[in-house]
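Every chain is numbered from 1 and lettered A, B, ... according to where its sequence line falls, protein lines coming before strand lines. Since the model is a prediction, treat every value here as computed from it, not as a measurement.
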2 protein chains.
Amino acid sequence: MKNTIRRLPDAEQEVMQAIWACQPPVARADIERILFETHPMAMTTLLTLLTRLCEKGFITIEKNGRRSYYTPSISQEDYIAAQGKTFIEKLCGGSLSVLANALCDSGLTKDEIAQLRNLLERDEL
Amino acid sequence: MKNTIRRLPDAEQEVMQAIWACQPPVARADIERILFETHPMAMTTLLTLLTRLCEKGFITIEKNGRRSYYTPSISQEDYIAAQGKTFIEKLCGGSLSVLANALCDSGLTKDEIAQLRNLLERDEL
DNA sequence: AATTATGCTCTACAGTTGTAGAATATAGTT
DNA sequence: AACTATATTCTACAACTGTAGAGCATAATT
């Protein structure tokens, strides 16, 4: 669980989400299909982003004939946890009360807040 | 409480934090002093960032003689809440359990998690 | 009034990001 | 073997970001 993971630009992050949603190794077509829902783009655009993600160490690419397969090098859990840490430190200035307020004002309903509290309780063990 | 607030690039966000930390309207020297701790930069760099923040609608600039004074147009609370919303939606896919896990893995201690739960309880009312 | 100091705006530039067409390589087909 | 379809890599470019010097305007000083 590496805790210094750079924040990805939006488009690349979107691609990672698609990759994480699949069983690795992932074919381009699968990524494309998922992205089509959330963030449609030209195929070459996707391939550019995949190359950049590889350069940044977020995925590895293996090629089989003319096809490439993509495997995440960083787990979604680690990435989200690292971004959460950054959020708390950089945005909330490390203050949990600021964080709590942000969560409450972020549009979550009372029920959802209660649910979140329960989930935190369970994870506390 | 506007809920569509763009995410600022790091340097600009850092400047906003400094501005939010002061009583508006804020003089450049005050911002500079605070930034010196976290993110030192040339004075002209700071002024460039202030201009961009104004163009983006995050602050207003009033000038008095050759001096300028800066006032936030967007509150820190609104900004953090909006980013929190984006975090939950874009990164956690809207899943509270994913969010809870992220918080637990983000380096918070058990005590801090418990504290956060209490804060959420209080805000729930 | 002339000179100097100071605070801001303009200009600049390299690196990043979003986007995608052109070119290339390879697998499938006739 | 020649042709066609397809998957990837190269090249390109505009907008954004981080950074700061050059130039300009105005206030302070001599």
Side-chain angles (χ1 to χ4, degrees), chain A residues 4-19 22 24-71 79 83 86 90-91, chain B residues 4-19 22 24-71 79 83 86 90-91:
Chain A
T4 42
I5 301 177
R6 73 193 289 181
R7 184 171 11 178
L8 291 173
D10 285 346
E12 288 169 27
Q13 190 173 269
E14 208 85 61
V15 173
M16 279 310 291
Q17 299 277 12
I19 295 175
C22 301
V26 190
R28 193 216 69 224
D30 291 321
I31 303 172
E32 220 168 10
R33 184 163 24 75
I34 294 175
L35 281 178
F36 189 71
E37 305 294 321
T38 56
H39 188 136
M41 61 181 75
M43 192 201 313
T44 51
T45 302
L46 171 56
L47 290 165
T48 299
L49 295 175
L50 287 167
T51 302
R52 290 179 186 168
L53 283 168
C54 184
E55 285 161 3
K56 290 178 180 178
F58 276 75
I59 61 174
T60 55
I61 305 182
E62 334 157 50
K63 24 190 35 182
N64 189 334
R66 74 181 149 177
R67 294 219 163 89
S68 292
Y69 292 90
Y70 309 91
T71 304
Y79 182 75
Q83 298 319 307
T86 302
K90 288 255 173 169
L91 270 179
Chain B
T4 42
I5 301 177
R6 73 193 289 182
R7 176 142 53 94
L8 291 173
D10 286 345
E12 287 168 28
Q13 190 173 270
E14 207 85 60
V15 173
M16 280 309 292
Q17 298 277 10
I19 295 175
C22 300
V26 189
R28 193 216 70 222
D30 291 321
I31 303 172
E32 221 168 9
R33 184 162 24 74
I34 294 175
L35 282 179
F36 189 70
E37 305 293 322
T38 55
H39 188 136
M41 61 182 76
M43 194 202 312
T44 50
T45 302
L46 172 56
L47 291 165
T48 300
L49 295 175
L50 287 167
T51 302
R52 289 179 186 168
L53 283 169
C54 184
E55 284 162 6
K56 291 178 179 178
F58 277 74
I59 61 174
T60 56
I61 304 182
E62 332 157 50
K63 27 189 34 182
N64 188 334
R66 73 182 150 176
R67 294 218 161 88
S68 292
Y69 291 91
Y70 308 92
T71 303
Y79 182 74
Q83 299 319 307
T86 303
K90 289 255 172 167
L91 269 179

Practice problem: Show your reasoning for whether side chain to side chain contact (heavy atoms under 4.5 Å, CB included) applies to A/E12 and A/M16. | Solution: CA-CA 6 Å; A/E12 288 169 27; A/M16 279 310 291; 5.8 Å; no
Exercise. Give the intermediate values and the outcome of salt bridge (Lys or Arg N to Asp or Glu O under 4.0 Å) for residues B/R7 and A/D10.
Key: CA-CA 10 Å; B/R7 176 142 53 94; A/D10 285 346; 3.2 Å; yes
Practice problem: Walk me through it: do A/I61 and A/Y69 pass the test side chain to side chain contact (heavy atoms under 4.5 Å, CB included)? | Solution: CA-CA 6 Å; A/I61 305 182; A/Y69 292 90; over 6 Å; no
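The interatomic distance linking A/R6 (CZ) with D/dG18 (P) rounds to 13 Å, in whole Å. One interatomic measurement links the two molecules: CD of A/E32 to P of C/dA20, which rounds to 12 Å at whole-angstrom precision. The separation between B/L53 atom CG and D/dT19 atom C1' is 15 Å, rounded to whole Å. Rounded to a whole Å, the CE atom of A/M41 is 16 Å from the C1' atom of C/dG21. If you take CG of A/L50 and C1' of D/dA7, they are 12 Å apart, rounded to a whole angstrom. Summarising the geometry, the separation between NE2 on A/H39 and C1' on C/dT17 is reported as 11 Å, rounded to the nearest angstrom. Remark: C1' of D/dT19 and CG of B/L49 are 8 Å apart, rounded to the nearest angstrom.
Side chain to side chain, A/E62 and A/Y70 fail the donor-acceptor criterion of an N or O pair below 3.5 Å.
In the set D/dT9, C/dA12, C/dT17, the nucleotide with an atom closest to the side chain of A/R52 is C/dT17.
Contacts between residues 9-19 of chain A and DNA chain D, defined by a heavy-atom separation below 4.0 Å, involve no residue at all. Contact check of residues 55-70 of chain A against DNA chain C (heavy atom, cut-off under 4.0 Å) returns A/K56, A/G65, A/R66.
With contacts defined as side-chain heavy-atom distances shorter than 4.5 Å, the pair A/L8/A/L53 qualifies. Side-chain atoms of B/Y79 and B/Q13, non-hydrogen and from C-beta on, do get closer than 4.5 Å to each other. Side-chain contact between B/R28 and B/M43 is present, with at least one heavy-atom pair separated by less than 4.5 Å.
A search for side-chain contact (heavy atoms from CB on, under 4.5 Å) contacts involving A/E55 returns A/T51, A/R52, not counting sequence neighbours. Not counting sequence neighbours, the partners of A/T60 by the side-chain contact (heavy atoms from CB on, under 4.5 Å) test are A/T71, A/S73. Looking at residues two or more places apart in sequence or on another chain, you find a side-chain contact (heavy atoms from CB on, under 4.5 Å) between A/R6 and A/K56, A/F58.
Taking side-chain N and O atoms only, A/T45 has no distance below 4.0 Å to OP1 or OP2 of C/dT19. Residue A/R28 places at least one side-chain N or O under 4.0 Å from the OP1 or OP2 atom of D/dT8.
Between the side chain of B/T44 and the base of D/dA22 there is no donor-acceptor pair of N/O atoms closer than 3.5 Å. Contact of B/R7 with C/dT17 (side chain to base): no donor-acceptor pair of N or O atoms is detected under 3.5 Å.
Overall bending of the helix from C/dA1-D/dT30 to C/dT30-D/dA1, expressed as the angle between end axes built from five pairs apiece, is 20° (10° steps).
Toward the 5' end of DNA chain C, the nearer of the two residues A/L8 and A/P40, judged by each one's closest nucleotide, is A/L8.
Taking every heavy atom of both residues into account, A/L35 and A/E14 meet most closely at CD2-O, 3.6 Å.
Among the candidates A/L50, A/I34, A/I59, the single residue satisfying the side-chain contact (heavy atoms from CB on, under 4.5 Å) test with A/V15 is A/L50.
Using a 4.0 Å heavy-atom distance criterion, A/M43 is classed as a base contact.
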